[in-house]
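What follows is one structure encoded as structure tokens, with my remarks underneath.
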Amino acid sequence: MKKMAADMLEVPKDSLLNVPRITLIGGMHVFVENFQGIVEFRDDRLRLALTQGGLTVHGRELVIKTIQPSEVVIEGNISGIHYHET
Amino acid sequence: MLGRWMVDFWRGYVILNMRGPRVPELINAATARGVALWEIRQVKEGVYRARVHRDDVRALLPLLRQTSTKLRFERKFGVPFLLWRAWRRKFFLAGALAFLLLLYTATSMVWTVEIEGETKRLQAETVLEAAREIGVHKGSWIGGLADTDILQEQLKDKLPELSWIGVRIQGTKVILQPVEKVELVKPAPNEPQNIIATKTGEIKQILPHRGSALVKPGQVVKPGQVLITGSLADGKTNVHASGIVRGEVWYYSDLEVPLTTTVKTYTGNVVSKQFLTFWDYPVQVWGYGEIKYEKFEESAEDADVAIGDFIFPIKYRDVQYREYEEKTVTLDQPAAEAKALEMAGADVKSLMGPNGVVAQQKVLQSELKDGKLKVRILNKVEEDIGQPQALPPQQPPVDPNQKEAGTR
């Protein structure tokens with residue numbers, strides 16, 4: 001229903017739908033909106049549960065810079081991100 | 001970001017050390033309850049470090065129990081913790097504050113008033129007294145003083161002898177720099193006067209500056225005799241006579257010179273001992289040992305023991321023991337006469353005027369008696385014998401040397 005409305009009004013889907021939005025800035029920052037929670041947190045690997053599927057961040061010295069109910073900022077030497085829909 | 005840090009610092013935050021396998025779960029739970037954690041990192045397997053606001057810690061505690069995570073506070077930052085620490089050390093803080101207050105008070109007071117530069121006629125105490133009257137003295141409040149240019153004006157009004165006075169405030173020191181007015185040149189005295197003789201003597205030289213000479217070189221004059229007169233043209237004009245009159249004056253000296261004298265000579269050997277004297281009771285502190293000298297002289301020097309202006313009732317005494325030898329010297333007659341002449345010369349110097357010169361000395365009589373030489377010596381001295389005397393002439397001044405100076 002919402003998706004149809006978004007298509008019809010030609011607005012970005014993430015602003016209406018509760019879908020995750022991932023922003024990667026260089027290899028330094030990852031902003032994740034609409035995430036559900038942390039599944040695994042290690043120095044070199046961080047797994048997040050998203051509203052749909054999940055996200056795995058690989059790297060070194062990963063730090064959760066800030067965390068809010070729907071938004072998380074991850075910092076570190078990021079070598080890869082893997083998004084998977086399940 | 002900096003603004004964020006300042007807010008965190010104001011609220012106060014702690015670095016947490018969380019230990020347990022379910023820390024990610026804890027983070028999720030905390031976030032869901034609005035407890036903001038930040039800078040979360042894994043230190044090692046199962047150990048995490050994070051920051052949390054001080055006022056959020058309480059909300060975190062039940063979650064720790066639920067996730068069986070152990071918590072340790074690593075460090076505390078921020079204003080609330082600083083305040084807490086300050087409160088715990090309130091007496092120290094009060095001391096520090098008192099010290100600052102004291103320092104502030106001490107540095108806002110005048111401690112010294114100094115005078116820079118030399119004043120010839122004005123006493124430094126007079127300047128300080130004037131400064132005290134306008135409120136510049138030890139202990140006065142620097143903030144309460146007027147501007148330096150106003151102080152300068154006030155001081156100048158107090159001290160009319162000054163042409164200018166500089167006032168400078170340097171820390172707790174007030175520096176006064178007085179500059180005296182140049183003394184007015186006194187007008188040359190112009191009252192009519194004569195130059196008269198003060199002593200009996202033979203005129204050697206007469207140089208009238210004003211007035212006319214009444215005597216010639218070679219002439220013998222008596223005390224009170226007019227040498228240069230200021231009365232010209234038979235008393236019609238009177239001038240301020242001046243000039244130089246030098247005459248030869250004879251002085252006789254009768255002396256006795258002992259032929260044997262003992263002379264004390266120091267050998268240069270010194271032993272020193274140091275004492276501390278407590279209310280005049282000396283306690284030796286250094287320089288032990290006997291003095292082996294046969295004849296020695298003792299001289300003590302006391303120094304005050306002081307810290308700043310505070311003088312202790314203890315004195316430091318340095319005593320020097322100097323060895324000396326005594327020698328007996330026997331003079332023969334010529335040597336004794338030479339010594340007598342020397343002594344007579346010194347004797348006469350005290351009798352004659354400042355510009356006098358001993359021209360000639362002569363031994364009139366010389367007699368050896370009882371190991372002593374009795375001599376009579378004639379000293380011929382050239383000196384200024386002129387003295388001003390106001391016109392009309394008053395009583396001639398009494399010659400103090402009339403008895404010593406012989407008559408011709």
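More than 12 heavy atoms of other residues, nucleotides or ligands lie within 6.0 Å of NZ in B:Lys90, so this atom counts as buried by the packing criterion. By the neighbour-count criterion of 12 heavy atoms within 6.0 Å, atom CH2 of B:Trp84 is sparsely surrounded, having that number or fewer from other residues, nucleotides or ligands. In the displayed structure, B:Trp141 atom CH2 is contacted under 6.0 Å by more than 12 heavy atoms of other residues, nucleotides or ligands. Remark: B:Gln284 CD is packed, more than 12 non-hydrogen atoms of other residues, nucleotides or ligands lying under 6.0 Å away.
By the side chain to side chain contact (heavy atoms under 4.5 Å, CB included) test, B:Arg89 is found to be paired with B:Arg85, B:Phe92, residues two or more places apart in sequence or in another chain being considered.
The only option from A:Val63, A:Ile64, A:Leu62 that meets the side chain to side chain contact (heavy atoms under 4.5 Å, CB included) definition with B:Ile40 turns out to be A:Ile64.
The CD1 atom of B:Ile27 sits 6.0 Å away from atom CD1 of A:Ile67, with the distance rounded to the nearest 0.5 Å.
Between chain B and the options A:Val72, A:Thr66, A:Ile74, heavy-atom pairs under 4.5 Å are most frequent for A:Thr66.
Using a cut-off of 4.0 Å between Lys/Arg side-chain N and Asp/Glu carboxylate O, A:Lys65 and B:Glu39 are scored as salt-bridged.
Of residues 37-49 of chain A, those residues lying under 4.5 Å from chain B by any heavy-atom pair are A:Gly37, A:Ile38, A:Val39, A:Phe41, A:Arg42, A:Asp43.
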